[in-house]
Each structure stands twice: as structure tokens, then as C-alpha cells.
J.: 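Would you mind keeping the following structure in view while I ask a few things?
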Amino acid sequence: LVSDWSSDVCSSDLDDGTREYLLEQPDTVVYSADTEYRHSHYGVSWQQAVLGNHCIGKWVLLADADEFLVYENSESVPLREFVQTMDAEGADGALVYMIDMYPYGDLDEACFTKGKPFEVAPYFDKAPLIELRFGGGSYSNSRNFVNALRHRLAPSRINAYVSQKYALFKYQPWMRMTEGVHYAANMRVSAKPTFFAHFKYHSGFKNKVLTEIRRNQHFNGAEEYRRYASMLAEGGGDFGAEGVTRRYEGSQVFLAVAHDLEGTRDQ
């Protein structure tokens with residue numbers, strides 16, 4: 001597991017005890033980087049350094065601190081067993097659909113110090129992804145999805161808010177990933193649907209928006225966060241919408257999303 005903290009915490013130094021906890025674990029190696037996120041191929045250079053030193057021929061999950069992996073029966077099936085089924089399939093990677101989670105009402109309702117993420121922010125758009133039909137990503141070899149919720153909240157150019165990652169794979173040096181690992185080359189992708197429940201929207205999100213605008217480390221001068229600032233200036237969140245929002249009730253709910261996406265493949 002390689003976790004990218006830098007893109008989703010307010011500073012380069014964790015102050016919630018996470019670093020100290022990890023340093024105490026006998027099976028964990030902790031790295032930090034003093035270079036800027038935007039000057040590291042948006043984190044990919046850091047990831048490649050770790051992968052090349054520790055992970056050749058091994059299954060890897062690249063996850064930000066606010067991303068929770070979901071797959072079929074992930075409530076009861078260990079990740080080791082799941083990747084073994086992909087090995088048997090002849091695959092060495094998975095396309096991970098990103099689904100944004102949120103509280104139904106005000107963002108302040110989703111305080112992760114008071115409850116678990118799936119308890120305080122259990123909602124998502126039941127049609128969470130929009131497939132783009134022009135082009136196939138940076139390597140022109142994949143379907144291309146963007147985030148429906150973000151286009152609903154802060155409309156932008158249609159190819160904004162890419163909402164997929166090649167974040168679970170058996171690493172080999174010839175694999176190539178783009179910024180944010182949104183696209184990958186030289187990977188045999190599994191047919192098994194895989195997801196990140198992405199807990200971006202919570203009680204700390206308003207402060208995060210201001211911080212990321214100030215840090216100016218994200219794509220195109222923190223363009224996405226500047227749009228969020230305009231949106232939040234008009235309200236406190238209230239992302240839930242009748243007929244649009246669905247509650248997470250387990251991995252089978254996300255599998256229904258994947259089934260709907262497969263149904264649109266040939267339309």
C-alpha cells in the first residue's frame with residue numbers, strides 16, 4: 001500500500017498522530033518528500049521511486065488518505081484474495097472508478113472525529129460518472145470517465161474532473177502512469193469492477209479549499225478548488241438531491257453502478 005498524503009492534507013507535516021502511529025508499525029516504511037507536489041509529476045515521481053525500490057512483481061494499491069477501496073464483497077473478502085482472482089484472470093491491473101461521497105445536508109454534518117466516513121457521509125450520486133466518448137485518455141487505450149457530482153456542483157469544461165484511477169496493479173518497471181494515475185499504459189486490465197469511495201466532502205472541506213488555493217500545488221493553478229470556493233460562498237454544501245442521491249449500503253450498491261456503466265458501453 002502506497003498512500004499519497006500530500007494531495008489531501010493541509011500541510012506536508014501530519015499533526016493528527018498518523019505519522020507517529022505508522023512509525024511504530026513493524027511492517028511499515030514511511031517516506032516524506034520535501035519537493036513540491038506540482039513539481040513531482042503530481043506525485044507520480046514519488047510513487048515511482050517507492051515502487052521501483054520495493055514493489056517489482058508485487059501487487060500495489062496507490063491510495064490517497066481519503067480513498068477507501070471497494071470491490072465485490074469487500075466487506076468479507078480480503079484484498080489478498082481479491083488480487084489472487086485477478087492473477088488467475090491473467091490481469092495485472094484494475095481500473096478503479098472514483099465515487100465521491102458526501103453528507104446529504106451541510107458539510108459540517110460530516111465530522112470524521114464523531115463517526116466513521118461511511119456513517120457520516122454515506123451518500124453519492126446514483127449516476128456518479130459521465131463517460132466521455134471522444135478520445136481514450138492520455139494513452140488512448142481506455143474508457144474515459146469524469147465526475148458527475150462535481151459537474152453538478154461546479155460546472156466546468158466537459159473533460160474536467162477525471163474520475164478514474166489505475167491504482168491497483170502488480171507493478172513492473174515498464175508500466176507508465178499519468179498525473180494522478182488516471183491513465184496507464186502496458187497494463188492488462190481486469191474485467192472486475194473496482195472502486196474508490198472518495199471522502200472528499202466533509203466538515204474540513206471548506207478550510208481545505210482555502211488551503212489548496214493558497215498552496216497552488218494542484219492542476220492549472222488549483223483551478224478546481226477555485227471553483228469550489230465560488231460554490232461554497234453561496235451555501236454550506238447541501239449536495240443531496242431527491243432523485244439524484246443514493247445511500248451507500250455495501251459493495252453491491254457500487255456493483256450496480258458498474259453494471260449500468262457496462263450497459264452503456266455499446267450505446
J.: Determine the minimum heavy-atom distance between A191 and E89, stating which atoms define it.
T.: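 Residues A191 and E89, closest heavy atoms: N-OE2, 2.8 Å.
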J.: Considering only heavy atoms from C-beta outward, does the side chain of R19 approach that of S32 to under 4.5 Å?
T.: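 R19 vs S32: side chains touch.
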J.: Is there a side-chain contact between Q47 and V181, using heavy atoms and a 4.5 Å cut-off?
T.: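 With C-beta onward as the side chain, the pair touches.
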J.: One thing to verify: whether R143 and E131 come together as a salt bridge, which I'm taking to mean a side-chain N less than 4.0 angstrom from a carboxylate O.
T.: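 Yes, E131 and R143 are salt-bridged.
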J.: Might you point out which heavy atoms bring C111 and S203 nearest each other, and give the distance in Å?
T.: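 Heavy atoms only, the tightest pair is CA-OG, 3.4 Å.
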J.: Are the side chains of M187 and M177 in contact, using a 4.5 Å heavy-atom criterion?
T.: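 Yes, close enough: below the 4.5 Å cut-off.
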J.: Is it true that V244 and Y104 fall in one hydrophobic cluster, defined by side-chain heavy atoms closer than 4.5 Å?
T.: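 No, no single cluster joins them.
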J.: Evaluate the ring planes of F254 and F195, with Trp represented by its six-membered ring, and classify them as parallel (under 30°), tilted (30 to 60°) or perpendicular (over 60°).
T.: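 Because their plane-to-plane angle lies in the 30° to 60° range, the rings of F254 and F195 count as tilted.
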J.: Salt bridge or not for D260 and K126, using N-O below 4.0 Å?
T.: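 Looking at D260 and K126, the cut-off is not met.
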J.: Given 3.5 Å as the limit, does a donor-acceptor pair link the side chain of E81 with the main chain of P78, or not?
T.: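 Absent.
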J.: For residues F196 and L62, report the shortest heavy-atom separation together with the two atoms involved.
T.: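 Shortest heavy-atom separation between F196 and L62 comes out as CZ-O, 3.4 Å.
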J.: Answer yes when D64 and K165 have at least one side-chain N-carboxylate O distance shorter than 4.0 Å, and no when they do not.
T.: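 Looking at K165 together with D64, the answer is yes, because their closest N to O distance falls below 4.0 Å.
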J.: Check the orientation of Y31 and H54. Use parallel for under 30°, tilted for 30 to 60°, and perpendicular for over 60°.
T.: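 Because their plane-to-plane angle lies in the 30° to 60° range, the rings of Y31 and H54 count as tilted.
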J.: Roughly how far apart are W59 CH2 and D87 CG, rounded to 0.5 Å?
T.: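 Going from the CH2 atom of W59 to the CG atom of D87 covers 5.5 Å.
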J.: So how far is it from R152 CZ to D125 CG, rounded to the nearest 0.5 Å?
T.: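 With rounding to 0.5 Å, CZ (R152) is 4.0 Å from CG (D125).
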J.: When you measure from the side chain of T245 to the backbone of F124, do you find a donor-acceptor pair of N or O atoms at a distance under 3.5 Å?
T.: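 No, the answer is negative, given that no donor and acceptor are paired below the 3.5 Å cut-off.
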J.: Can you confirm whether L107 sits close enough to Y201 that some side-chain heavy atom of one is under 4.5 Å from a side-chain heavy atom of the other?
T.: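 Yes, their side chains come closer than 4.5 Å.
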J.: With rounding to the nearest 0.5 Å, note down the distance linking CG in D100 to OH in Y161.
T.: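 Going from CG on D100 over to OH on Y161, the span is 10.5 Å.
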J.: Less than 4.5 Å apart, any side-chain heavy atom of D92 and any of M175?
T.: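 Yes. Closest side-chain heavy atoms under 4.5 Å.
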J.: Rounded to the nearest 0.5 Å, what separates atom CG in N144 from atom CD1 in I130?
T.: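 Separation between the atoms: 11.5 Å.
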J.: For D106 and P103, work out which heavy atoms get closest and say how close.
T.: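 Nearest pair, atom of D106 first, then P103: O-CG, 3.8 Å.
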J.: Work out which heavy atom in C55 is nearest to a heavy atom in V60; give both atom names and the distance.
T.: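 Where C55 meets V60 most closely, the heavy atoms are CB-CG2, 3.6 Å.
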J.: Answer yes or no: are there more than 12 heavy-atom neighbours, outside F68 itself, under 6.0 Å from its atom CZ?
T.: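 Buried by this count: over 12 neighbours within 6.0 Å.
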J.: Does S163 reach the main-chain N or O of M98 with its side chain, forming a donor-acceptor pair under 3.5 Å?
T.: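 Checked: pair present.
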J.: If we only count heavy atoms from C-beta on, is the F169 to L51 side-chain gap below 4.5 Å?
T.: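 In short, these two side chains touch, coming nearer than 4.5 Å.
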J.: Mind checking whether V120 and E109 have side chains closer than 4.5 Å, heavy atoms only?
T.: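 The answer is no; the side chains never approach within 4.5 Å.
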J.: Would you say the side-chain atoms of Y248 pair up with the backbone N or O of S251, donor to acceptor, closer than 3.5 Å?
T.: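 Judged by distance alone, yes, a pair lies under 3.5 Å.
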J.: Got a second to check how far T194's OG1 is from Q164's CD, nearest 0.5 Å?
T.: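 Interatomic distance, T194 OG1 to Q164 CD, rounded to 0.5 Å: 12.5 Å.
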J.: Using the ring of each side chain (for Trp, its six-membered ring), is F199 parallel, tilted or perpendicular to F118, with breaks at 30° and 60°?
T.: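 Rings of F199 and F118: perpendicular, as their planes differ by over 60°.
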J.: Quick check for you: to the nearest 0.5 Å, what is the distance between Q252 atom CD and E72 atom CD?
T.: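 With rounding to 0.5 Å, CD (Q252) is 5.5 Å from CD (E72).
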J.: Between Y123 and F239 (judged by ring centroids, cut-off 6.0 Å), do the two rings come close enough to count as a pair?
T.: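 No; F239 has its ring centre 6.0 Å or more from that of Y123.
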J.: Got a donor-acceptor contact below 3.5 angstrom from the Y71 side chain to the V83 backbone?
T.: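 No; zero donor-acceptor contacts below 3.5 Å.
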J.: Should V70 and L261 be counted in the same cluster of Ile, Leu, Val, Met, Phe, Trp and Tyr side chains packed under 4.5 Å apart?
T.: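 Linked within one cluster.
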J.: Should Y171 and I56 count as side-chain neighbours, where that means a heavy-atom distance under 4.5 Å?
T.: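 Touching, per the 4.5 Å side-chain cut-off.
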J.: What are the two closest heavy atoms between F112 and P117, and how far apart are they?
T.: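 Smallest interatomic distance, heavy atoms only, reads CE2-CA, 3.7 Å.
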J.: Any donor-acceptor pair under 3.5 Å linking the side chain of R176 with the backbone of P173?
T.: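 Judged by distance alone, yes, a pair lies under 3.5 Å.
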